[in-house]
Every structure is written in C-alpha cells, then in structure tokens.
Amino acid sequence: MDRTIRIAPSVLPVDFSKLGQAVVDLDAAGVDLIQWDVMDGQFVPNLTFGPDVIASVRGLTSLPFEAHLMVLTPDAMAARWVEAGCQRLIVHAEACTHLHRTLGAIRDLGATAAVALNPATPASAVAHVLDLVDMVLVMTVNPGFGGQRYIASMEPKIAEVRRMIDDAGVEAVVEVDGGIAPDTIAGAARAGATVLVAGSALFRDPLGLGHAVADLRSRAQAATA
Ligand code: DX5
C-alpha cells in the first residue's frame with residue numbers, strides 16, 4: 001500500500017483572472033498534483049471551468065492534473081479532459097448509471113480512473129469496481145462549494161473504503177476532499193486517506209502557500225507515523 005501523503009490543492013478559491021500564476025505558485029509551494037473542480041451547474045449548484053481552461057495552463061507545470069468531475073454526464077466529455085492534460089479523471093458514483101463501463105472507458109483513454117462518493121453514498125457503492133480505479137475519493141463536504149465545514153462523521157467511511165481496498169488486494173489510494181485544514185487533516189489521515197485535497201485552507205494561511213502545504217503535509221504524516 002502506498003502510504004505517501006500527497007497534498008492536492010483545489011483551485012476553486014483562486015482568483016480566476018490569475019489562474020496561470022496560481023498554478024505556478026502552487027507548483028513552487030510544493031504540492032503533489034493539482035485538482036480541478038469541474039462543475040456543470042446540474043450535478044452541483046455551481047459552474048466552473050471546461051477543458052480549454054485546463055489546457056490553457058497545462059504547459060505551466062509538470063505536476064499531474066486530476067479532474068474532479070462533479071457533472072451529470074461524465075462520459076460525454078471524458079476524452080476532452082484527458083486531451084486537456086488531466087492524467088486522472090474522478091467521476092461520481094451517483095452520476096454514473098453504468099459506473100463499471102465509465103471507469104473502463106476512462107482507462108481506455110489512457111488516464112487513470114477514480115470514483116468519488118458523496119457523504120450520503122455508502123462505501124459499498126464501489127465494492128465491484130475497485131479493480132478499475134487507482135483512487136477512491138471520499139467527500140467530506142456536500143460538493144459544489146469550497147469553504148465548507150469538514151464532516152467528521154465520514155471518517156468511519158474513509159476507514160471502511162481503505163479496508164475494502166486492502167481486502168480486494170488492489171493498489172488504490174483514498175483521497176479526501178472538503179474542509180481539509182490544519183485542525184481536520186489528522187483525522188482524515190488517521191482514517192486512511194493519503195491524498196488530501198485542500199482549497200480554502202491553503203489560500204488563507206497568513207504565512208503563505210508554501211507554509212500551508214508543508215504544515216498540512218507534516219500534520220498528516222505525524223498523524224500516521
Ligand atoms: C466541493 C469542492 C471543495 C474543494 C475544497 O465541491 O470539491 O471540497 O475542492 O474546498 P475546501 O478545501 O475549501 O473545502
């Protein structure tokens with residue numbers, strides 16, 4: 001099991017008029033990858049960016065990109081996100097009528113596939129697709145907006161997903177997204193998350209992005225030492 005702690009910023013809180021500089025700054029701050037919160041205004045009550053926006057900044061960093069597809073029809077544009085430079089596509093189990101087929105189609109595009117679970121969705125929803133994913137994302141907020149409160153009651157589900165992956169004997173990691181901050185990251189890491197998505201907590205650190213990234217990483221590492 002890959003226990004490496006990875007910090008993945010969400011660019012949702014960024015001033016979109018300075019998106020390119022934000023990507024450069026995040027790279028310099030030491031993040032491990034960048035998560036793009038894609039929202040269609042249907043699956044979630046918010047609307048963000050399309051593949052062309054991601055493609056426009058792809059050349060500014062060599063960091064991996066993952067697209068968190070909070071969209072009703074992830075199959076429709078899967079190829080576009082990969083062409084835009086995303087190495088991983090995260091689809092929501094709740095949005096996929098044929099989740100097994102969707103994950104296989106993402107892998108056929110040459111990307112890695114991941115599945116996200118909203119707070120109300122049981123871990124059992126991914127029981128039969130763990131062989132197709134390299135990551136399961138357990139949401140610790142209801143998707144659509146940054147700056148929400150971490151739902152600590154998701155920690156047993158994080159641990160359950162981790163156990164399911166171990167029992168299945170597959171190489172996949174657990175990601176957590178929503179309300180990750182200095183006071184919540186330890187609980188998520190102890191529960192089994194190794195990829196931690198943070199948005200507002202990174203950008204509101206008065207000591208800057210570099211401090212925020214290092215602080216979150218060290219807290220997660222200390223919690224799992
Ligand atoms: C919700 C988004 C947020 C974002 C992180 O749809 O996915 O969780 O990435 O935002 P913070 O870290 O501010 O909760």
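Order of listing sets the numbers, starting from 1, for every ligand and every atom in it. No experiment lies behind these values; they were computed from the predicted model shown.
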Could you list, one pair per line, each nitrogen or oxygen of ligand 1 together with any protein nitrogen or oxygen closer than 3.5 Å, giving atom names and the distance rounded to 0.1 Å?
| residue | atom | partner | partner atom | Å |
| --- | --- | --- | --- | --- |
| ligand 1 | 6 (O) | Gly144 | N | 2.7 |
| ligand 1 | 7 (O) | Asp37 | OD1 | 3.1 |
| ligand 1 | 7 (O) | Asp177 | OD1 | 3.3 |
| ligand 1 | 7 (O) | Asp177 | OD2 | 3.0 |
| ligand 1 | 8 (O) | Asp177 | OD1 | 2.5 |
| ligand 1 | 9 (O) | Ser10 | OG | 3.2 |
| ligand 1 | 9 (O) | Asp37 | OD2 | 2.6 |
| ligand 1 | 9 (O) | Asp177 | OD1 | 3.1 |
| ligand 1 | 12 (O) | Gly199 | N | 2.7 |
| ligand 1 | 13 (O) | Gly147 | N | 2.8 |
| ligand 1 | 13 (O) | Ser200 | N | 3.0 |
| ligand 1 | 13 (O) | Ser200 | OG | 2.4 |
| ligand 1 | 14 (O) | Gly179 | N | 2.8 |

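Screening residues 13-24 for side-chain hydrogen bond (donor to acceptor under 3.5 Å, both in side chains) gives Asp15-Ser17, Asp15-Lys18, Gln21-Asp25 as the qualifying pairs, with residues at least two apart or on separate chains.
One hydrophobic cluster, built from ILVMFWY side chains closer than 4.5 Å, holds both Trp36 and Val176. No single ILVMFWY cluster, assembled from side-chain heavy atoms under 4.5 Å apart, contains both Phe43 and Leu117.
Applying the side-chain contact (heavy atoms from CB on, under 4.5 Å) test to Ala114 and every residue at least two apart in sequence or in another chain returns Arg88, Ile90, Asp134, Met135. Under the rule for a salt bridge (charged side-chain N to carboxylate O under 4.0 Å, His left out), Arg190 has no partner lying at least two apart in sequence or in another chain.
Scanning all heavy atoms of the two residues, the minimum distance from Ile151 to Val141 falls at CD1-CA, 3.8 Å.
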